[in-house]
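Quick note on labels: first sequence line is chain A, next is B, and so on, each numbered from 1. Bear in mind that the values here come from a model prediction, so they are computed numbers and not experimental data.
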Number of protein chains: 2
Amino acid sequence: MPLKLSLYPYLYCVKQTQNIKVSVDAVVFGYTSSEGLSILLINRRIKPFKGEWALPGGLVHNDETLEEAVERELEEETGLQISYLEQLYSFGSLKRDPRNRVIAVAYFGLVRPDAFRPKAASDAKAADWFNIKELPELAFDHQKIIDTALLRLQGKLTYEPIGFELLDKKFPFSELEKLYKTVLDRPIDRRNFKKKIMKFGFLVETNQKQKHAGSGRPGFLYQFNEKRYFQLKKDGINFEI
Amino acid sequence: MPLKLSLYPYLYCVKQTQNIKVSVDAVVFGYTSSEGLSILLINRRIKPFKGEWALPGGLVHNDETLEEAVERELEEETGLQISYLEQLYSFGSLKRDPRNRVIAVAYFGLVRPDAFRPKAASDAKAADWFNIKELPELAFDHQKIIDTALLRLQGKLTYEPIGFELLDKKFPFSELEKLYKTVLDRPIDRRNFKKKIMKFGFLVETNQKQKHAGSGRPGFLYQFNEKRYFQLKKDGINFEI
DNA sequence: GCAAAAGTGTTGTAGGTACACCCATGC
DNA sequence: GCATGGGTGTACCTACAACACTTTTGC
């Protein structure tokens with residue numbers, strides 16, 4: 001059976017002009033040990049889904065890349081500093097948007113706690129953080145996008161050290177441990193976890209101690225050494241938790 | 001520092017109408033033990049890049065999903081049966097296509113050897129297979145897309161049993177081993193590899209023997225049990241080679 | 001001095017790696 | 001009978017899991 005070949009495959013494309021828009025949407029995760037894992041949402045001021053909560057995002061401009069579009073939208077709608085951004089998935093089903101056919105290229109972002117502003121800081125709730133376990137009803141297919149992003153976060157955390165992007169530049173070791181417990185939603189052995197992480201060598205202990213919050217013995221602060229990590233990665237280590 | 005909020009974030013979008021097209025492109029891998037890993041390319045019959053080799057693909061129709069578009073394009077341009085398809089990545093840089101701004105949602109596909117037709121079968125070389133190590137110059141940014149796809153294939157092979165999608169339904173064990181050696185481009189210990197694979201339990205030995213090709217002792221044929229795999233996956237195994 | 005969190009080592013076990021000889025078939 | 005590829009087991013070693021007591025601090 002030979003290959004079946006159309007001689008003019010592109011003829012199909014000119015029959016009717018394509019009328020599809022391209023948007024970007026960002027699932028931005030934030031984390032604090034007190035509030036757990038949260039997602040940044042905006043309240044829509046225009047139809048459709050006016051007044052409902054949605055992911056930050058919007059149409060891509062003609063003269064900007066997808067990454068630039070996400071960064072611009074985040075800046076415009078929320079003004080926050082992002083510490084990590086990667087493409088997640090493109091959603092292209094037919095009825096995503098009731099107005100037009102719109103394809104969404106979704107991105108996955110992480111911010112540090114110092115960029116994470118709680119409810120009080122926003123005026124009139126135009127943008128706000130929601131705990132991952134207490135999300136409101138969402139516009140469009142944004143719940144599905146969030147589900148995809150959460151799976152990606154959980155997966156990624158176990159084979160790339162992106163957890164640091166959700167913590168302050170310097171943090172007590174227990175913060176990292178709590179982060180893993182929260183996001184992966186399972187218990188972790190403190191001693192084994194520390195051995196595993198420290199063995200890699202890209203996490204360095206500073207000589208500073210935690211400024212005391214609450215009771216208990218204050219721990220030393222640690223920081224992630226990105227340079228060392230990239231060196232190790234080039235030499236071929238594989239991070240596995 | 002409070003969140004900076006634009007009151008009318010969507011105003012930005014109406015300043016100028018978006019003029020971006022959406023296409024899909026497919027990186028389809030095929031494998032035979034004699035020829036190694038190959039990619040399916042088509043020879044462009046229209047400008048731009050007329051006469052050059054490119055990935056199969058084209059503009060998405062208004063009334064079809066992204067997956068439908070990929071499958072239609074593959075059918076139109078090459079007529080082949082695909083055994084595995086997943087989304088790879090979306091490429092959105094500004095000058096990908098010299099005509100318009102076009103965003104490509106790239107897909108990653110695998111076909112079995114019996115769908116794999118060598119050069120002789122195609123008329124006038126409209127579509128053809130190229131060994132991964134002997135690719136021609138490619139149109140657009142298709143080389144970059146292929147690089148991304150190859151990394152995905154290598155990664156995926158080690159943590160999901162998709163290798164079976166590149167082999168016939170029944171195959172001698174050595175075929176699987178050669179596939180891994182070829183794609184991962186490193187030596188593999190025969191005995192350990194077999195132990196590892198068989199331990200999972202989703203690969204079953206049939207009582208048929210390989211019809212003899214060349215010299216040497218013919219081996220038994222094996223087949224992948226998809227049902228068993230999904231059951232195991234649900235119960236929480238993780239495939240790791 | 002008591003509650004709360006940080007810091008730290010050992011032992012058993014499972015799984016991975018390294019490694020070599022015999023068997024069935026075609027020519 | 002020889003060349004080619006198929007089939008198979010063991011021993012060592014590393015890496016992970018399980019597990020509990022002491023130390024520092026705030027109140």
Q: Provide, to the nearest angstrom, the distance between the CD1 atom belonging to I237(B) and the P atom belonging to dG15(C).
A: 13 Å
Q. More than 12 non-hydrogen atoms from neighbouring residues, nucleotides or ligands closer than 6.0 Å to CD on E240(A), yes or no?
A. yes
Q) Do the charged groups of R152(A) and E86(A) touch, with an N to O distance under 4.0 Å? A) yes
Q: Take atom CZ of R191(B) and atom P of dA20(C), then tell me their distance rounded to the nearest Å.
A: 8 Å
Q) So is K144(B) actually on top of F91(B)'s ring, under 6.0 Å and inside 45° of the axis? A) no
Q. Looking at the rings of F171(A) and Y222(A), which for Trp means the six-membered one, are their centres under 6.0 Å apart?
A. no
Q | Segment of DNA chain D, first to last nucleotide, that comes within the 4.0 Å heavy-atom reach of chain B | A | dT4(D) to dT10(D)
Q) Checking side chain to side chain contact (heavy atoms under 4.5 Å, CB included) against L40(A), which of I82(A), V111(A), T78(A), D128(A) comes through? A) T78(A)
Q.
Rounded to whole Å, please give me the gap between CZ in F200(B) and C1' in dG15(C).
A. 12 Å
Q. F173(A) and F220(A): aromatic ring centres closer than 6.0 Å?
A. no
Q: Could you pick out which residue, E240(B) or R217(B), lies toward the 5' side of DNA chain C when each is mapped onto its nearest nucleotide?
A: E240(B)
Q: Round to the nearest Å and state the distance from M198(B) atom CE to dG15(C) atom C1'.
A: 18 Å
Q. OP1, OP2 of dG15(C) versus side-chain N and O of K195(B): anything below 4.0 Å?
A. no
Q) If you check every side-chain atom of K194(A), which of dT25(C), dT17(C), dT8(C) has the closest atom? A) dT8(C)
(Q) Starting the side chain at C-beta, find the nucleotide from dG7(C), dT25(C), dA18(C) nearest to N192(B). (A) dA18(C)
Q) In residues 166-187 of chain A, which ones come under 4.0 Å of DNA chain D, going by heavy atoms? A) none
Q: Calculate the interatomic distance between K196(B) atom NZ and dG16(C) atom C1'; express it in whole Å.
A: 7 Å
Q) Whole Å only: how far is the CG atom of D189(A) from the P atom of dG7(C)? A) 15 Å
Q | Which atom of L203(A) lies closest to which atom of F164(A), heavy atoms considered | A | CD1-CE2, 3.5 Å
(Q) Please compare G216(A) and K199(A) by the position of their nearest nucleotide in DNA chain D and report the one closer to 5'. (A) K199(A)
Q. Once you round it to whole Å, what is the distance between P of dG26(C) and NZ of K209(B)?
A. 10 Å
Q: Assign the ring pair F202(A) / F200(A) to parallel, tilted or perpendicular, where the plane angle (0 to 90°) is split at 30° and 60°.
A: parallel
(Q) Tell me whether Q154(B) at atom CD has more than 12 heavy atoms from other residues, nucleotides or ligands lying less than 6.0 Å away. (A) yes
